[in-house]
There are 2 protein chains.
Amino acid sequence: MAAGPCTVANNLYCDQAMCEQCNYARLLKNADLEATANRLHVMEVVGGNNCPLTAAEIFHTISRTQPINQVTVYRILELLVEQNLLERITIGGRAAHYGMAPNEHHAPHPHFICTRCAAIDCLSPECLSVDMENLRKTFSGEVERVEVRVEGICRNCLKGGGKK
Amino acid sequence: MAAGPCTVANNLYCDQAMCEQCNYARLLKNADLEATANRLHVMEVVGGNNCPLTAAEIFHTISRTQPINQVTVYRILELLVEQNLLERITIGGRAAHYGMAPNEHHAPHPHFICTRCAAIDCLSPECLSVDMENLRKTFSGEVERVEVRVEGICRNCLKGGGKK
DNA sequence: GATCCGATGCAATAGATTTGCATGAATATT
DNA sequence: AATATTCATGCAAATCTATTGCATCGGATC
């Protein structure tokens with residue numbers, strides 16, 4: 001497997017995101033969504049990769065084997081994020097990335113973004129704990145989700161292997 | 001002061017971001033940057049607001065009193081983020097927001113995004129603690145920064161005051 | 001004064017995402 | 001069965017955000 005950013009699924013730090021156990025059709029049905037071929041393809045690509053992908057990456061991956069429109073991919077992604085099947089991860093000014101939303105097979109986990117090569121990776125859920133107790137006590141709104149993003153320089157780039 | 005999202009500086013949860021103490025000219029000089037009028041305007045607008053603003057908001061605010069080009073605003077923002085005077089905060093798919101970077105008057109703090117009205121607020125630094133120890137121990141890259149984002153429904157929207 | 005450089009403006013471009021409108025398949029209604 | 005409704009999708013165009021190329025201008029330097 002080639003070295004480089006997430007497009008080629010070479011997560012460096014954990015395999016939290018990758019999934020062989022999720023039944024995508026069932027996940028869709030549970031959310032009251034028709035399990036269309038396109039939706040299944042999107043879920044398979046996202047779930048089969050161990051780091052979050054952009055809409056364009058998902059589109060190109062599916063396109064290699066199936067005809068699909070890019071707008072359709074956007075619409076499916078939006079729908080699945082709304083229904084909490086996928087989660088959207090955003091980084092500075094660039095394209096959003098999509099990964100599996102937390103479910104029985106996917107614990108919530110922090111993400112790492114390399115400031116040098118822009119690679120995104122999933123970190124293992126245990127590596128960073130957040131004190132939610134205190135937050136919920138002091139915060140007067142309703143907390144739905146806490147996202148932790150670690151920025152820094154990845155192992156690859158530290159070794160000098162990162163591309164500028 | 002009107003209710004609504006950040007554009008009108010009505011932070012609900014803390015005033016961590018707002019600053020009457022920062023000397024912007026000095027901050028610029030310290031970073032070896034010329035303290036031009038435009039740069040000062042950008043810093044004043046960002047520092048004078050208690051929640052992060054988009055480039056467009058900053059541009060429009062300055063434009064009310066000074067002629068300035070939007071591209072200039074983008075360039076200044078990029079420069080100031082590079083030099084660690086400002087920090088860029090990104091949310092789902094939309095424009096980046098800019099706030100004061102951590103310095104002697106600004107502790108790093110989490111941000112809150114209302115999933116209903118899209119308002120962004122700064123939370124107080126103490127309200128959420130993160131165990132960096134464990135992270136640095138287990139992470140094989142170099143950590144530069146940890147960003148915490150809380151998503152949920154803000155006080156306003158819970159009261160029914162939020163606009164859809 | 002000639003030259004260089006950095007900051008800015010303006011126009012054009014790029015990239016990501018969204019919207020409007022049409023179609024076609026499946027389902028519900030009459 | 002014929003019609004209406006709904007929903008997923010495709011295609012084209014529009015929108016929004018950000019970046020790039022090129023010209024200018026003022027101040028500092030030679």
Would you mind classifying the nucleic acid contact of B:Arg39 as base, sugar-phosphate or nothing, using non-hydrogen atoms under 4.0 angstrom? sugar-phosphate

Could one point to a donor on the side chain of A:Arg75 or the base of D:dG10 with an acceptor on the other under 3.5 Å away? yes

Using whole Å, report how far [atom1] of [X] lies from [atom2] of [N].
X: B:Phe59; N: C:dT8; atom1: CZ; atom2: P; answer: 14 Å
X: B:Ile68; N: C:dT8; atom1: CD1; atom2: C1'; answer: 9 Å
X: A:Asp32; N: D:dT6; atom1: CG; atom2: P; answer: 17 Å
X: B:Asn69; N: D:dT19; atom1: CG; atom2: P; answer: 14 Å
X: B:Leu80; N: C:dG6; atom1: CG; atom2: C1'; answer: 15 Å
X: B:Tyr74; N: C:dT8; atom1: OH; atom2: C1'; answer: 17 Å
X: B:Glu78; N: D:dT20; atom1: CD; atom2: C1'; answer: 11 Å
X: B:Gln70; N: D:dC16; atom1: CD; atom2: C1'; answer: 10 Å

Closest-nucleotide 5' rank along DNA chain C - winner of B:Leu33 and B:Val71: B:Leu33

Under 3.5 Å, is there a donor on one side chain and an acceptor on the other for A:Thr72 and A:Arg39? no

Side-chain N or O of B:Thr72 less than 4.0 angstrom from OP1 or OP2 on C:dG9? yes

Under 4.0 Å between a side-chain N or O of B:Thr54 and OP1 or OP2 of D:dT17? no

Choose from C:dT8, D:dC11, C:dT17 the nucleotide whose nearest atom is closest to any side-chain atom of B:Asn38. C:dT8

For the side chain of B:Ala55, counting heavy atoms from C-beta on, which of D:dG10, D:dA18, C:dG9 is nearest? D:dA18

Using side-chain heavy atoms (C-beta onward) and a distance below 4.5 Å, is [X] in contact with [Y]?
X: A:His97; Y: A:Leu53; result: no
X: B:His109; Y: B:Leu123; result: no
X: B:Ile153; Y: A:Glu144; result: yes
X: A:Ile76; Y: A:Met43; result: no
X: A:Tyr98; Y: A:Glu87; result: no

Please confirm whether A:Tyr74 and A:Phe59 have ring centers closer than 6.0 angstrom. no

All N/O pairs under 3.5 Å across the protein-nucleotides 25-30 of chain D interface:
none

